[in-house]
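A short worksheet on the structure shown next.
Each chain gets a letter, A, B and so on, in the order the sequences are listed, and its residues count up from 1. Values below: every heavy atom of this structure, side chains too, minus hydrogens, waters and symmetry copies.
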There are 2 protein chains.
Amino acid sequence: MRILDSARELFAEKGFERTTIRAVAAAASVDPALVMQYFGSKRELFSQAVKVVPAPLTATDTDELVDQLLASLGLKLGGLPEGALAMMRSMLTDQAAADHVRVSLGRQIDSVGAALPAAEDPQLRAALVVTALLGVTIGHQLLGVTALREVPADHIAALLRPAIKVLAGPPG
Amino acid sequence: MRILDSARELFAEKGFERTTIRAVAAAASVDPALVMQYFGSKRELFSQAVKVVPAPLTATDTDELVDQLLASLGLKLGGLPEGALAMMRSMLTDQAAADHVRVSLGRQIDSVGAALPAAEDPQLRAALVVTALLGVTIGHQLLGVTALREVPADHIAALLRPAIKVLAGPPG
DNA sequence: CCATTCGCTCAACACTTGTTGACCCAATCA
DNA sequence: TGATTGGGTCAACAAGTGTTGAGCGAATGG
């Protein structure tokens, strides 16, 4: 739907707070009241707009796991779906978004921790892997750090891979 | 000053947008108009409140560099100054904060890139090191990722160190 | 042909925000 | 004592917000 697309785009660009119903409506060439009629509230519009199904991690060996992680954080070809960007954009300033991201990352960390070679602190190592990748994604997609702009995602992935494997634990 | 302390605290907790002059004034037991009289505008109050002098990187060898990086991103004892947290909290949703962080990270990346062993892509590797650490800090300090809470900063630093060295490039 | 529904729009409400100008009141000074 | 200054407060403004309820016009159904 046109409204959801405009909403997703604006939420990804400006975050929850700074995106107004009126702006979404204007971007979709529609009356603000219509947005309310369809979605009931700004929060609900946000929820619908950012809805994204996280691909579950199905990897068994570490190599595959790293690749799936890189992909799920947009560090391989294709980048992130705009809904995920919208969620990330708001996660530091919106309680609901923060909660969602926290449990979402938590789940991912649990998966990764379970899949890690039985090093010490698998849960902690997993958390570091995931948050480190999150940081790269933020710098790349949300902050536009200049040294990362225009760098193809695979190149980034290639440089990250060995470091992640070290962080994941002693080679099993 | 009491106003600046309250402002810093609130900015760090809620970000620029969601922190109101009235809330800052109330927290400092002061009239909102007085805050304006002292600082002229909310933006200026923010600037003064988050002002923080980034410790320059003076390291020569990689080990020392990594330690300084960990420290400057709050991953060693002491955590980050509240002003830095406030800046980071707002960086995804406030243009001015985003600009500030981008150039600040850019500077840090340049320093790190210059100090790296002459691997290929030193600038890019430096950017990945810095943003990865940024991500861990966000997860730890701003998002409260459960697997990272209550973990002493040195422990985190210890696990990160080897991975960072790998990411920084082939051992010189 | 009239009544009714349904998608949509308009204008407005209630509230919050940053910001300002008039004002007050105690201390200073002549 | 009387005038003046200066730190501090009060009430208000103008703009922007999410949200709502009355109403419009066209399609639908009898």
Hey, is R43(B) close enough to D94(B) for a salt bridge, meaning N to O under 4.0 Å? yes

How many whole angstroms separate atom OH of Y38(A) from atom C1' of dT9(C)? 12 Å

The contact string for nucleotides 15-22 of chain D, one letter per nucleotide 5' to 3', using protein heavy atoms under 4.0 Å with B, S and - for base, sugar-phosphate only and none, comes out as --BBBB--

Heavy-atom side-chain proximity of T93(B) to F16(A) below 4.5 angstrom: no

Would you say T20(B)'s side chain and A23(B)'s backbone share a donor-acceptor pair under 3.5 angstrom? yes

Any donor-acceptor N/O pair, R102(A) side chain to V145(B) backbone, under 3.5 Å: no

d(CG, L34(B); P, dA22(C)) in whole Å: 19 Å

With side chain to side chain contact (heavy atoms under 4.5 Å, CB included) as the test, would you mind laying out the steps for R125(B) and L116(B) before giving the verdict? CA-CA 9 Å; R125(B) 297 185 105 102; L116(B) 282 192; 3.9 Å; yes

Round to a whole Å and report the spacing from CZ of R2(A) to P of dC8(C). 10 Å

Side-chain donor/acceptor of S104(B) to backbone N/O of H100(B), under 3.5 Å: no

For the backbone of L124(A) and the side chain of D121(A), can you confirm whether one donor and one acceptor N or O come within less than 3.5 Å of each other? no

Has the side chain of R2(B) got a donor or acceptor atom that lies under 3.5 Å from a matching backbone atom of A28(B)? yes

Bend angle of the helix from dC1(C)-dG30(D) to dA30(C)-dT1(D), end axes from five pairs each (to 10°): 30°

